[in-house]
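Report on the structure given below.
The analysis underlying the following values was restricted to heavy atoms, covering all of them including side chains, and did not include hydrogens, waters or symmetry mates. Order of the sequence lines sets the chain letters (A, B, ...), proteins ahead of strands, with each chain counted from 1.
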Amino acid sequence: MKIDRRSFLGLGLGAAAGIAVSPVGVKLTDDSSIWTQNWPWTPVPEDGEISYENSVCSLCPGSCGISVRKIKNRPVKIEGLDEYPVNDGGICLHGIAGLQYLYDPARVKSPMRKNGDRFEPISWDEAISLVSGKLADVRDSGAPHTLGLISGGAGGSVTALFKRFLDAFGSPNVYAMPSLEDNLSLTAATLHGAGNTIGFDLENADLVLSFGAGLIEGWGSPMACFKANSARRDRHAKLYQIEPRLSNTAANADRWIPIKPGTEADLALGLCAVLLKKNLFTPGEFFGGFNRFAAVVQKEYAPEKVEAVTGVKAADIEKLAVAFAKAKMPVAVPGKGRGDHGQNLKEFAAVQTLNALAGRLNKEGGAFVMNPDSYLAFPEASMDDAAEAGAGQEKSVGSVNELVDTLNASAKPVLNALFVYNANPCYTLRDTKRVKEAFKKVPFVVSFSSFMDETAMASDVILPASTFLERLEDVPTGGGLAKTVVGLTRPMVNPIFDTKNPGDALILLAQAMGGTIAESCAWDTYDECLEEVAGDIWDALSEDGYAVVSEGAPMGTPGTDFSFLASNPASVQAGGNGDLLLVPIDNIRLAGTAPASTPFAVKTVSDRVLSGTDIVVEINPETAKGLKDCGYAVLITSQGKARVKVNFNEGIMPGVIGMVKGLGHTFDNPYVAGKGVNVNDLIGPVIEPGSGMDAAFGIKATLSKA
Amino acid sequence: MDSALIPEGAKRCPFPKFMLGMAIVGAVLLWGVYAMFLCWFKGLNQTNMDDYYGFALWIWADLAVIAVGGGAFFTGLLKYIFKIDELKNIINFAVIIGFICYSSALLILAIDIGQPLRGWFIFWHANVHSMLTEVAFCLSCYFAVLTIEFIPNILENRQLNKVSFFHHLAHNMHGVMAVFAATGAFLSFFHQGSLGGVAGVMFGRPFAFREHILIWPWTFFLFTWSAAAFGPCFTLLVTKITEAITGKKLVSDKTVNLLAKISGWMITTYMIAKIIDTVYWAQVTAPSMGFTLDHFYSNNAFYGYWILFAEIIVGGVVPGLLLIFKKTRENPIALLTAITLGVIGVCLNRWVMVLQIMAVPVMPFDTWALYIPSWQEVATTILPVAYGIMLIAVSYRYLPVFPQELELNKPAQATE
Amino acid sequence: MIQNTKAHKFGMVIDLDKCTGCGSCMVSCMAENNVPFKEDESRKKDSITWMRVYKLTNGKSFPDTEVVYMPRPCQHCSGLGDHGHSPCVSVCPATATDYGYDTGIVSQIYTRCFGCRYCMGACPYHARYFNWWDPTWPEGMESYLSPNVSPRMRGVVEKCSFCYHRYQLAREKAYVEEREIEENEYQTACTTACPADAIIFGDLNNPAHQVHQIVKPDPHPDPRNHKVVGKSRNPKVFRLLERLGTNTKVYYMSEREWVRKAGDSYLDGEWDEVKNHHGSSSSHG
Amino acid sequence: MSEIENKTENGSMDGAGECAAGEPKDDKGLGLGVIFFLGAFLICFLSGWLLFPKLLYSKHEQPFNFDHKLHTEEAGDCESCHFFREDGTFSGIPDLASCMECHTDEPMGDTEDEAIFAEEYVAKEKEVPWFVYSRQPDCVYFSHAAHMMGENAKGKMDCKTCHGPIGESTTSRPYEENRLTGYSRDIWGKNIWGIKKNSWDRMKMDDCADCHVEMDGHKGYCFQCHK
Amino acid sequence: MFPFCFEWAWDIGHAIFFGGLWYAVSILGAGMTYCIAKAAYDTIKDDGDSHH
C-alpha cells in the first residue's frame with residue numbers, strides 16, 4: 001500500500017524532473033507567447049510594391065483630386081491630390097474613408113429583382129431584358145412620357161446619358177434632387193437670365209458675408225471652400241457668418257451674427273435697403289423695376305422692421321451694410337448649411353442682389369455670373385415619332401418635391417416607370433413617409449444604386465452601379481465654385497462585385513430596346529461614349545486627369561432683373577405647431593445625402609451628436625425647461641415624434657432645436673444604419689410658390705421630458 | 001480517513017456538516033472561476049473597464065489584499081527578528097492568511113492583464129525603472145517565502161508528520177525560519193512600497209503624484225507603513241471571525257491585545273505621516289501643477305470630501321486611538337470596532353489610490369469618469385474570498401494552526 | 001542613454017484658429033494605421049482614435065459663446081527635464097514602449113505589450129488605447145489594410161506613432177539615393193490630410209524646418225519651472241498641461257487668449273502672471 | 001509509455017512482496033521510489049530532448065527544386081533577382097513576372113524542376129507559392145536598404161551575413177515551420193536551444209542587437225525594427 | 001532579468017535592482033537546500049539507528 005504510493009510519488013517526481021531539465025517547458029512557454037503575437041484570426045496584410053494612382057472623388061459635387069496608394073495593385077489608402085485645382089491636397093473624411101465603400105456591408109452585389117418584399121439576385125442579361133421589356137410596354141402603351149428620372153445633383157456625361165435616354169424614349173420627366181447647383185442656376189435665371197449659374201470667388205474676396213452658408217460644413221465644393229477659408233487669415237480677409245447656431249463655420253469666422261431661422265432673406269434685403277438709402281450702391285445695368293424695388297425695400301425692410309423680424313439690431317444692420325459697401329472685395333453668399341435642401345429663391349435672389357448693388361458681379365473676389373457652356377458634345381439624338389411627341393410635352397411638374405405630391409395626389413399613375421440614379425429620395429426628401437408612398441404609386445421603379453439604401457429597397461429592380469473607385473467617369477465641379485474644373489474618375493480596381501458603370505447599364509438597356517433609342521446610344525461601352533462626347537477636353541482629361549473649363553472673372557457685367565424681388569414675394573414660414581423650432585444641422589462628418597456615411601465617418605461623430613443608438617439634439621440651456629443635459633426627451637412635430645437625448649449648447653439660439661442630418665438610416669449596415677433618427681422624418685416640405693423649392697428651413701416642434 | 005487527519009485531541013464538527021459548508025462556498029468559487037475563464041477566453045471586453053479605467057476593481061482588490069496580507073510579514077518580523085515570542089500563538093494563522101492574500105493577488109493579476117500568456121515578459125523583459133516590475137518580482141518572491149513559512153505547518157499534520165523525512169524537514173525549517181522571515185520582511189518592504197510607488201510616480205496625474213525621496217515617492221513609504229499597521233488588524237479580524245464560527249477560543253487575549261497594541265501604535269504613527277503627506281500635497285505639490293484640493297473632490301457624482309474624511313479619520317485616527325489605549329483595546333466591542341474600521345480604512349485608501357486617480361480629470365476640458373464593475377469583475381474578485389474561506393477551513397480542520405487551542409478549550413473537553 | 005549627436009526631434013504645431021474640426025485627420029489616421037472599428041463607437045472611452053479632436057468652449061453663454069477644436073495625437077512627451085522618461089515609458093514594466101532618442105518619438109510595440117495598462121493610467125492626455133476586442137472587419141474589408149503598420153491583436157495597448165512607417169519609407173528612398181531625407185518627405189497622415197493646413201510637422205531641432213521657425217523652442221529649462229524644457233518663445237504658442245513637465249512635442253497655436261489658457265490648469269490669478277512669459281531667453285528668438 | 005505501465009505493475013507486485021516479507025519498509029520503499037523516479041526521469045528527459053523537437057516542427061517541401069548556383073551563374077549576383085525597387089524598398093522573392101523576363105513557358109534547360117515551373121506556373125500564370133526561410137513575423141520591420149546602401153549603412157553588409165551561403169545551393173532544403181507560432185525554423189535556429197555557430201544560423205532580435213551594438217554602440221530603439 | 005536578456009544593461013539601475021533581488025532569492029534557495037539536505041540526512045541517520 002504505502003510502497004505503491006511511494007512508487008507513484010517517485011514516478012511523478014521523476015517525470016516532472018525529466019521534463020523540467022528538457023527544453024519542453026522553456027520552448028512551450030516561449031512559443032505560446034509567440035502564438036499570441038501571431039493569432040491566426042488577426043489579419044496580416046500582404047506586402048508588396050507600393051504605387052500611387054490619381055483619380056477624382058465623385059462622392060459629392062466637390063470633385064476633389066485623389067491619390068490612391070496601392071500595394072500590389074491593392075488600394076490601401078486614399079489621399080488628397082496635391083496641386084489639384086480644386087482641393088490642392090486637402091481632402092474630407094468621406095473621401096479618405098472611400099475604400100470602405102468598396103466593401104460596404106450594404107453593397108448590392110449583383111442585379112436584383114424584387115419578389116414580394118424580398119430581393120433575389122438575377123443575372124445582368126435577365127435584368128436588362130426584364131427592364132427593357134417593361135419599358136417597351138410603357139412605350140407601346142403610347143405614354144412614353146410616363147417614364148421618369150430622379151437623379152442626384154451632379155452633372156457629367158452619365159447624367160447626360162440618362163437625359164438622352166429619356167429624350168430618345170420620349171419623356172421630358174427628368175427631375176434632379178434639390179441641390180445648390182440648381183438653386184444657383186434658378187437664381188441666376190431669375191436675376192441675370194436663363195442658362196447661367198453663379199460662382200463665388202471666395203479665394204480672393206476680402207470680406208465674405210455668409211448667410212448661413214456652411215463653408216466648412218460641406219457647402220458647394222467643400223475642399224475648395226476649406227482651402228479658401230484657411231488661406232483667408234493669411235490674406236487678412238474676413239468672414240462674417242449669419243446663422244442661428246454657432247456652426248463650425250460660425251466658430252471659425254471672424255464674426256458670428258445670430259439670426260432668427262429663416263429670416264436671412266429679410267436681412268439681405270435690409271442690407272440692400274441701407275445701401276440704397278445711404279446711396280452706397282454701385283449703379284449697374286439694373287432693370288425690371290429697380291426703382292420699385294428700391295422703394296419697396298426701403299419701406300418694407302427698413303432696419304427697425306428687419307430687426308423685429310431677424311433679431312439683428314438695427315444699428316448692427318447699418319454697420320454691416322456700410323462695412324460690406326466699404327470693403328474692397330466683398331461678396332455675399334447664400335445657401336444655409338450645404339445650400340441644397342430647405343432653401344428659398346427669395347433668399348438666394350436677395351443675397352445675389354446685394355452683390356449686384358455692391359457692384360460685385362464678375363469682379364475678382366465677387367460673384368461670377370457664369371455660363372457653364374457644357375463641354376459635353378453629344379451627337380444629335382435620333383428621334384422617332386413617339387420621341388418627338390414626348391419631347392414636345394411639358395414636364396408634369398416643376399420639382400421633384402412637387403412630383404412626389406402629384407404622384408400621391410392622383411389616383412391613376414402619373415408615372416409608369418421611374419429611374420433613380422445617384423439619389424436616395426426615400427431618405428433625403430422631407431417627410432420620407434410621403435416619398436415612400438409615392439414610390440408605391442409607380443408600377444415599376446429601377447434603381448441604379450451601389451448600395452441597398454432606402455430607395456433601392458423601395459424599387460422593383462436594382463441595376464447596381466460600380467462605385468467611383470471601380471469606374472471611369474467625368475465629374476465637373478458644381479456648387480458655387482468660381483471656376484469650372486472637369487475631373488476624370490478612373491477605375492482603381494476591377495469591380496469587386498457583379499456591378500456595372502450605370503452608363504454601361506444604360507447603353508445595354510438602349511441596345512435591348514432597339515430602334516431609335518439604340519441608335520441614340522450607339523456605343524459599345526460607356527468608356528467609348530465618354531471619349532467621344534468629352535470631345536475637346538478628352539485629351540486633357542486622359543493625360544492630366546482634369547481639364548479647367550473656365551477660370552477667373554467672366555468678361556463684362558451682366559444686367560440684373562429686379563422684377564422678382566420688386567414684387568416683394570412673401571417669406572416662407574415654418575409649418576407645424578409648437579413653441580420651439582426644429583432645424584436640421586449639416587455636420588461635415590456625416591453625409592446628408594447619397595451615399596450614406598462610412599463606418600470611419602460615423603466613428604468620428606461626437607457622443608454629443610450620437611449616443612449609442614440615440615440621436616442627441618442641441619438646445620440652449622435657457623430653452624431646456626425641466627430637461628437634463630444628456631437626458632432623454634420626446635421631440636414632437638406635426639410629422640411625427642422621436643425619443644432623443646438633449647445636449648445643452650450655449651451656441652444655439654434659444655427656442656431652436658438643432659438635429660443633425662445623416663443619421664437614422666434603415667438599411668442593413670450595423671456600423672452606419674439603425675443609429676438615431678432621420679431629421680427628414682420629422683420635417684415636412686413647404687413648397688415656395690413659383691420656384692417649387694422645398695423651402696422648409698425647419699418646423700415648429702415641442703420638446704418634453706421622456 | 002477524515003478523523004485520522006484531525007490533530008490529536010482537537011474537536012472538529014462532523015464531516016458531513018463540514019462538507020456541506022465547503023459545498024456552499026465552493027459554489028461561489030465556481031461562479032468566480034466561470035467568470036475567470038470568460039475573461040481569459042473572450043478577453044477583457046467582459047469587464048466594464050475602458051480607456052479611462054485601465055486600472056479598476058481588480059487592481060484595487062490586489063492592493064487591498066496585499067495591504068491586509070501585510071500582517072504576515074509584520075507578525076513574522078516581530079516574532080522571529082524582534083523575538084516577541086508571545087506571537088507564536090498567532091503566527092501560523094497570520095502566515096496562512098498572508099498565503100491566501102498573496103496567492104489571490106497573483107491570480108487576480110493573471111486575469112487582469114490583456115495577454116496572460118505573455119505575463120512572464122514582466123520578468124524576462126523587465127524595465128527596472130517601473131514600479132510594477134518591482135512589484136512583480138518582490139510579490140512572487142515573497143509568495144515563495146510565505147509558501148516556505150506555510151510548509152512546516154502543513155507537515156505538522158498528524159499523518160504527514162509520521163513520515164520521518166517530513167518530520168525532520170518541518171523541524172529544520174522551523175530552525176532557520178528567522179532567515180526566511182528576514183528575507184520576507186525585506187521583500188515585503190519593497191513590494192508594499194512599490195505598490196505605493198505605482199501611484200506616486202505618475203507625474204502626469206496630479207492627484208496621484210507625490211514628492212520623492214531618492215527615487216521613491218512618499219506613497220512608497222506610506223504603503224509599507226500602512227500595510228504593517230493594518231495587516232495585523234486583518235489577522236485579528238479573521239481570527240475573531242474564525243473563533244465566532246468555530247465557537248472556540250483559539251488565541252489568548254494576551255496575544256490578541258499585544259498584537260492589537262502594536263498595530264495601534266503603528267496606525268497612529270502612520271496616520272500622523274499620512275496627514276502630513278496629505279497637507280503637503282494639498283498645499284504644495286498639487287497647487288504647483290495648478291490644481292486646488294477642491295478640484296479633486298467636487299463636480300462629480302461620487303468622490304467628495306467624505307471619502308477623505310472616511311479614510312483618514314474614521315478608518316485611521318479612530319482605530320488608531322481605540323487601539324493604543326488599554327481600556328478601549330481590552331474592551332471586546334471597542335477592539336472589534338477598531339480592527340474592523342482599520343481594515344475598511346486601509347481598503348478605502350487603496351481604492352482612492354487606484355480608482356479616484358483614474359476618475360479625476362487632468363486636461364482642463366476633460367470630464368470626470370465614473371465606473372461600475374461588471375458582474376465578471378465582481379465574481380472574479382469574490383473568487384479569492386471563497387478560496388480563502390475554504391483554505392482556512394481545511395487548514396483549521398486538519399492542521400495544528402492554533403498552538404493554544406487545546407489548553408484554551410480544556411474546560412470544554414473536561415465537561416464531555 | 002546614448003544621445004545621438006545629430007538627433008532629430010520630430011514635433012508638431014497645430015493652428016487652432018485654422019482647425020475646422022472636420023475630422024479628416026482622425027479618419028486619415030485610422031485609414032493609415034489599420035485602426036479597427038466596432039458597431040457602436042459612441043462610447044468614446046473605448047473607441048480607438050489615435051488622433052482625437054476635442055471641442056473646447058469659452059464657457060460664455062449665448063451669443064458670446066466661442067468654440068475651438070483641438071486635435072490631440074500622442075504628445076510624444078520627452079518627460080521631466082527632457083530626458084526621455086515620458087510618463088508612459090518610465091512605467092511600462094516590460095519595455096514595450098520606449099523613447100527614441102534619435103527621433104524623439106515614443107514607440108509602442110504591440111507584440112511586447114502584455115496589457116497591464118499602467119501606461120494608460122500614467123498618460124494625462126488619454127492618448128493610449130487598449131484593444132478590448134479582437135479587431136474585426138466586415139467581410140472583404142481586410143483587403144484595404146496596409147502592410148506598413150502591423151494590425152494589433154486583442155489585449156494590447158496602441159497609440160499614435162507619428163506615422164513612423166512613413167519615416168522608414170522616406171529613409172529607405174534616401175538610403176538608395178545616398179542622401180538625407182527632406183522636410184516634406186516625412187509628414188504624418190493627419191498633416192497631409194488636413195484640408196485647412198492647420199497641422200505643421202517637422203524636426204524641432206532643425207532651424208530650417210517650418211515647425212521650428214514657428215515654435216522657436218527654448219533649449220533652456222524654464223526658470224519658473226525647471227521641469228519644463230522646450231517652451232515656445234512664440235507668444236501665440238502653448239503646450240497641453242505644460243506645467244506638469246511632460247514636455248510634449250505637440251504644440252498648439254492660437255490668437256485667442258482663452259484658448260491658450262485652456263491648455264493648462266491655473267490657480268486664481270496665476271494666468272495673468274504667466275501669460276506674457278515665453279521661455280527663459282526670449283532674446284534667443 | 002507502455003514501459004512506464006510495465007514498471008508500475010512490477011513495482012506494485014514487488015511492493016506486495018516487500019509487505020509480506022514484513023521487512024522495515026522505509027528504506028526499501030524509498031529505494032523503490034528512487035528506481036521509479038529514475039525510470040520516469042529518463043523517459044521524460046529523453047522524449048523531451050529527442051521526440052519533442054520533432055513534434056514541434058512541420059516540414060514542407062518547396063513547390064519545386066530551385067538551383068541558386070545555376071541562376072547566379074546565368075543571371076549574375078543576388079541583386080539581379082532580389083533587387084531594390086526605385087522607392088528603396090526591397091523586392092524579396094521575385095514574382096512570376098520577373099522570372100519571365102528570362103523564362104517562357106518553354107523550358108530553357110532540361111531539369112524536371114524547370115519543366116514543373118514552366119507547365120504549372122508560367123503557362124498558368126500562377127505565382128509560385130515559395131516558402132520563405134527567412135520570413136520574419138508581421139511585427140518586424142526590416143530595411144534591406146538601411147543595411148546595404150547609403151552612407152548610413154555602416155560597412156555595407158553582404159547577403160551571406162544573415163542569409164548564409166544560400167546563393168551556392170543547388171537544391172532547396174525543406175522548409176520547417178513551428179506548428180505553434182508559424183515561424184520558420186531559421187528564425188529560432190536549428191538548435192533547439194538556439195545556439196549558433198555562424199552569423200546566419202539564427203535571425204532573432206538578439207542577433208540583430210549583437211550587430212547593432214557592434215556598429216552603433218547600442219541595440220537601437222523599438223521602432224527601428226518594429227511596426 | 002538575466003545578463004543575456006535583450007533589455008539587460010550593465011548600469012547602476014540593474015545592479016541595484018537585480019543585485020538585491022538575486023541576493024534575496026539565493027538566500028531562500030540556500031535556506032531550502034539546507035533544510036531538505038539536513039532532513040534527508042537526519043532521516044537516513046534515524047533509519048540507521050533503528051537497525052541497531
Side-chain angles (χ1 to χ4, degrees), chain A residues 36-37 39 41-48 71 74-80 87 89-93 96-97 99-100 102-105 216 223 226-227 229-230 233 246 248 251-252 256 258 496 588-589 599-607 610-612 620 622 650-654 670-671, chain C residues 17-24 26-28 30-32 34 37-44 47 49 53 55 57 59-69 110-111 134-135 137-148 150-155 169 189 192-198:
Chain A
T36 66
Q37 297 171 338
W39 272 337
W41 58 87
T42 306
V44 176
E46 196 194 353
D47 204 349
I71 304 281
R74 170 173 67 91
V76 297
K77 176 90 190 280
I78 297 179
E79 283 170 326
N87 55 313
I91 179 167
C92 79
L93 76 172
I96 301 168
L99 291 174
Q100 296 195 318
L102 280 176
Y103 312 95
D104 190 296
I216 54 177
M223 290 304 106
F226 268 72
K227 285 286 172 181
N229 180 65
S230 73
R233 303 185 174 279
L246 185 69
N248 288 5
N252 196 266
W256 168 41
I496 308 282
I588 184 78
R589 299 188 192 176
F600 272 159
V602 174
K603 181 173 178 171
T604 65
V605 171
S606 155
D607 55 0
L610 174 68
S611 159
N620 189 300
E622 189 186 311
E650 286 288 358
I652 189 165
M653 182 175 266
Y671 305 95
Chain C
D17 298 334
K18 279 189 174 176
C19 176
T20 63
C22 71
S24 283
M26 295 172 79
V27 171
S28 184
M30 296 184 223
E32 180 79 22
N34 297 338
F37 52 88
K38 312 188 298 291
E39 287 188 15
D40 179 9
E41 291 283 8
S42 70
R43 277 177 291 113
K44 297 304 176 188
S47 174
T49 47
V53 178
K55 184 180 184 180
T57 79
K60 297 221 180 98
S61 57
F62 183 90
D64 304 321
T65 324
E66 284 183 38
V67 162
V68 75
Y69 288 92
Y110 320 119
T111 44
D134 278 305
W137 285 266
E139 194 193 352
M141 218 184 260
E142 314 88 272
S143 41
Y144 75 48
L145 295 180
S146 154
N148 300 114
S150 184
R152 283 70 63 186
M153 68 290 301
R154 176 229 296 166
L169 287 170
T192 54
C194 179
D197 305 310

Q) At a heavy-atom separation under 4.5 Å, does Asn87(A) approach chain C through its side chain, its backbone, both, or neither? A) neither
Q.
Counting only heavy atoms from other residues, nucleotides and ligands, does the tally under 6.0 Å from NZ of Lys55(C) exceed 12?
A. yes
Q. Non-hydrogen atoms of chain C under 4.5 Å away: do they reach the side chain of Ile91(A), the backbone, both or neither?
A. both
Q) For the residue pair Arg74(A) and Pro147(C), what are the closest heavy atoms and their distance? A) NH2-CD, 3.9 Å
Q) Between Glu66(C) and chain A, which part of the residue has a heavy atom less than 4.5 Å away: side chain, backbone, both or neither? A) backbone
Q: Determine whether Met141(C) and Gln100(A) make a side-chain contact, defined as any pair of heavy atoms from C-beta on separated by less than 4.5 Å.
A: yes
Q | Winner by heavy-atom pair count (cut-off under 4.5 Å) against chain A, out of Arg43(C), Met30(C), Glu142(C), Met26(C) | A | Met30(C)
**Q.** Proximity breakdown for Ile652(A) and chain C, heavy-atom pairs closer than 4.5 Å
**A.** backbone
**Q.** Region of Pro258(A) in contact with chain C, defined by heavy-atom distances below 4.5 Å
**A.** side chain
Q) Heavy-atom distance under 4.5 Å to chain C: side chain of Asn620(A), backbone, both or neither? A) side chain
Q.
Looking at every heavy atom in both Leu246(A) and Thr65(C), which two are closest together, and how far apart are they?
A. CD2-O, 3.9 Å
**Q.** Engaged part of Glu622(A) at the chain C interface, taking heavy atoms whose separation is under 4.5 Å
**A.** neither
Q. What option among Ala196(C), Pro63(C), Cys22(C) has the most heavy-atom pairs under 4.5 Å with chain A?
A. Cys22(C)
Q) What are the two closest non-hydrogen atoms of Asp607(A) and Ser42(C), and how far apart are they? A) CB-O, 3.5 Å
Q.
Tell me whether the rings of Tyr144(C) and Phe600(A) are parallel (<30°), tilted (30 to 60°) or perpendicular (>60°).
A. tilted
Q. Which atoms of Asn34(C) come close to chain A, meaning under 4.5 Å heavy atom to heavy atom: side chain ones, backbone ones, both, or neither?
A. side chain
Q) What part of Pro105(A) lies closer than 4.5 angstrom to a heavy atom of chain C: side chain, backbone, both or neither? A) side chain
Q. Strictly under 6.0 Å, is that where the ring centroids of Trp137(C) and Tyr671(A) end up?
A. no
Q | Contact winner vs chain A - Pro151(C), Gly155(C), Gly59(C), heavy-atom pairs under 4.5 Å | A | Pro151(C)
Q. Say you draw a straight line from CG of Asp64(C) to CD of Glu650(A); how long is it, rounded to the nearest 0.5 Å?
A. 9.5 Å
Q: Could you look at Glu79(A) and say if it's the side chain, the backbone, both or neither that has a heavy atom under 4.5 Å from chain C?
A: side chain
Q: Among the options Gly651(A), Gly80(A), Gly48(A), pick out the one with the most heavy-atom pairs lying under 4.5 Å from chain C.
A: Gly651(A)
Q) Given that the side chain runs from C-beta out, which part of Tyr110(C) has a heavy atom under 4.5 Å from chain A: side chain, backbone, both or neither? A) neither
Q. Where does Arg152(C) contact chain A at under 4.5 Å (heavy atoms): side chain, backbone, both or neither?
A. backbone
Q. Rounded to the nearest 0.5 Å, how far does CD of Glu46(A) lie from OG of Ser146(C)?
A. 12.5 Å
**Q.** Asp134(C) versus chain A, the contacting section by heavy-atom distance below 4.5 Å
**A.** side chain
Q. Is there a side-chain contact between Lys603(A) and Thr49(C) (heavy atoms, below 4.5 Å)?
A. yes
Q) Side-chain donor-acceptor pair under 3.5 Å between Lys77(A) and Ser28(C), yes or no? A) yes
Q) How long is the gap from SG on Cys19(C) to CG on Asn248(A), to the nearest 0.5 Å? A) 8.5 Å
Q. Looking at side-chain heavy atoms only, is the closest gap between Tyr103(A) and Pro138(C) below 4.5 Å?
A. no
Q: Of all the heavy-atom pairs spanning Asn252(A) and Asp17(C), show the shortest one and how long it is.
A: ND2-O, 3.1 Å
Q.
Within the 4.5 Å heavy-atom criterion, are Ile96(A) and Glu32(C) side-chain neighbours or not?
A. no
Q | Under 4.5 Å from a heavy atom of chain C, the part of Thr42(A) involved | A | side chain
